[in-house]
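Okay, so here's the structure we're looking at.
Residues: numbered from 1 along the sequence shown. Note that ligands are numbered from 1 as they come in the structure, with each ligand's atoms numbered from 1 the same way.
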Amino acid sequence: MSMPAPQPTPLRFPPHFGWGAATSAYQIEGAVKEDGRGESIWDTFSRTPGRTRNGDTGDVAADHYHRYREDLDLMRDLGLHSYRFSIAWPRIQPDGTGAPNQRGLDFYRRLVDGLHERGIAPMATLFHWDLPQALQDAGGWEARDTAHRFADYAEIVFRALGDRVPVWLTINEPKTVVQNGYLSGHHAPGRQDPDAAYLVAHHLHLAHGLAVRALRSTGVDGRIGPAFNLHPCYPADDSPDAAAATRLHDGYENRLYLDPVFTGHYPEDVLADLGPGSRLARGVVEGDLAIISSPVDLLAVQYYTPIYVTADGGTVRRRPTSEARWQQIHPEGMYDILTRVTRDYGPVPITVTENGLPTRDTLRPDGTVDDLGRIAFLREHLTAAHRAIAAGVPLESYHVWSLLDNFEWAEGYDQRWGLVYVDYPTQRRIPKRSAHWYRGVIADNAL
Ligand code: IFM
């Protein structure tokens, strides 16, 4: 008689581990002209010919503004514990300053109430790239004043929703604003100006720090932290030059964001590389770094891809790429970045607020979407996250990017990142096979 094959032991997550999914306002809401919303830089950018694939815009997106109740039910059916979404600044202050637009606040109040009714904890990001166009016209993130306007906006939101939102994230991926908005220019506002880019980084950090202080000064109870997309950097070969180039690359990719917030200093190697006359160096006013390093309650990490750096400072691909050309699939990078952050910056609680990939999803005639590649990706990354927890990383929750297919910025609607398929012509939602799989992971608290 043959013995049954041994069953693999399930990887159990800690009790109370938070299982979530994430979205952002411009990528799903649509309704860009409703209830007093002002224009954002993404309205302007996406309507500019040639800026997005197929000329796609977020005008309708996944129509979440009208369908949020249905989406809340989807989240409940998945068993989510936590939903990370963003608040559209132009819905709250149409021109980025002044009195709040009550109808904008009311939408988010309905959303967070709906989450609580379904037993899901809201996690709100204050800025996910949709800067009010009026503030861009006044200089955007190159203007120091924008950081102060952000703190005013944050205070309005804390006062309006602070009783219902336990976790706040300040600025989503400042690095993407710097690199895509001001270096490559393929995101709004579409600039290619390296000197401006790093001044923008400083003002984004300042905005973060001012918002942390605003939360504390309102007396609202929530926890708050930054949301950084971190990329583990590896040398592409064994040469000392590749090691040195990797170190500097890591400065630009990771330490430029982590150091000011967690140590109160910009990394010396990056400052030296930018030079003493850089607008970043000249833009730092005494006291800024104390504001920027105001103590936070948690760090949100978004992990998608590693970077391999060559001896001449270039980058190469070493891993299979996804439908997003910039994404190399390397689950170990999740372990490396989580353990590194804990090692280098101390035991700050961590939440993974984004992790996922786009796949070529199609709706089959039988009404299903079979995204096996996404399941494999999530399983492998969660396995790496589990190992990081076992190694001592205080990881408290994990959010898949994304709950729904959505507007993927310059890529428009071509890339599908959701657990739930959106049939854009009808706006019908169809949970993909990965959604069913994720529901099981959540129910078992195990892989
Ligand atoms: O869709 C984006 C999101 O807005 C920010 N992080 C990366 C995702 C995938 O590119």
Side-chain angles (χ1 to χ4, degrees), residues 20-30 40-43 45-46 51-53 56-58 61-62 64 83-89 123-131 169-184 186-189 204 225-232 253-254 257 299-307 321-330 333-334 337 351-361 371 373-374 377-378 381 398-422 424 434:
T23 62
S24 89
Y26 189 73
Q27 293 180 272
I28 63 164
E29 285 178 0
S40 85
I41 58 172
W42 269 96
D43 296 302
F45 189 77
S46 64
R51 288 304 204 173
T52 64
R53 194 172 292 274
D56 289 344
T57 71
H64 170 77
Y83 173 53
R84 179 206 174 212
F85 61 98
S86 81
I87 294 174
W89 187 348
M123 182 184 279
T125 307
L126 290 162
F127 179 73
H128 199 122
W129 308 347
D130 42 2
L131 186 73
L169 305 175
T170 51
I171 307 277
N172 180 69
E173 298 185 1
K175 180 171 67 185
T176 308
V177 178
V178 170
Q179 295 188 349
N180 296 2
Y182 285 85
L183 289 177
S184 70
H186 73 283
H187 277 191
L204 288 164
F228 293 149
N229 53 332
L230 301 175
H231 294 51
E253 291 291 335
N254 301 314
Y257 302 91
L299 166 65
V301 173
Q302 319 202 147
Y303 172 66
Y304 288 96
T305 189
I307 295 180
T321 50
S322 76
E323 293 293 312
R325 286 183 314 280
W326 53 267
Q327 184 179 33
Q328 301 180 58
I329 300 174
H330 181 50
M334 174 73 97
I337 202 67
T351 169
V352 168
T353 40
E354 291 187 23
N355 175 232
L357 92 165
T359 50
R360 278 190 190 279
D361 300 328
D371 57 339
R374 177 168 292 105
F377 177 98
L378 296 177
H381 284 73
Y398 170 92
H399 301 75
V400 176
W401 182 268
S402 178
L403 175 70
L404 300 171
D405 290 340
N406 58 50
F407 174 77
E408 176 57 13
W409 310 111
E411 298 300 329
Y413 296 97
D414 265 16
Q415 292 182 2
R416 292 182 175 271
W417 290 78
L419 291 168
V420 175
Y421 185 90
V422 176
Y424 292 111
S434 59

Between E354 and R84, does the salt bridge (Lys or Arg N to Asp or Glu O under 4.0 Å) criterion hold? Intermediate values first, please. CA-CA 9 Å; E354 291 187 23; R84 179 206 174 212; 2.8 Å; yes
From W326, F45, W129, residue fulfilling ring-ring contact (aromatic ring centres under 6.0 Å, His included) relative to W409: W129
For the residue pair Q328 and T305, confirm or rule out a side-chain donor-acceptor distance under 3.5 Å. no
Show me which atoms of ligand 1 lie under 4.0 Å from any heavy atom of E173. 5 (C), 6 (N), 7 (C)
Would you say S24 and ligand 1 have an N/O pair spaced under 3.5 Å apart? no
What is the nearest protein non-hydrogen atom to atom 5 (C) of ligand 1, stated with its residue, atom name and distance? E354 OE1, 3.2 Å
Part of W326 within contact of ligand 1 (heavy atoms, under 4.0 Å): side chain
Can you check whether A22's main-chain N or O pairs, donor with acceptor, with S402's side chain at less than 3.5 Å? yes
Which residue and atom name correspond to the protein heavy atom nearest atom 1 (O) of ligand 1, and how close is it? E408 OE1, 2.6 Å
Decide, yes or no, whether a salt bridge links D371 with R416 under the criterion of side-chain N to carboxylate O below 4.0 Å. no
With atoms numbered from 1 as shown, which atoms in ligand 1 lie under 4.0 angstrom from a non-hydrogen atom of H128? 3 (C), 4 (O), 5 (C)
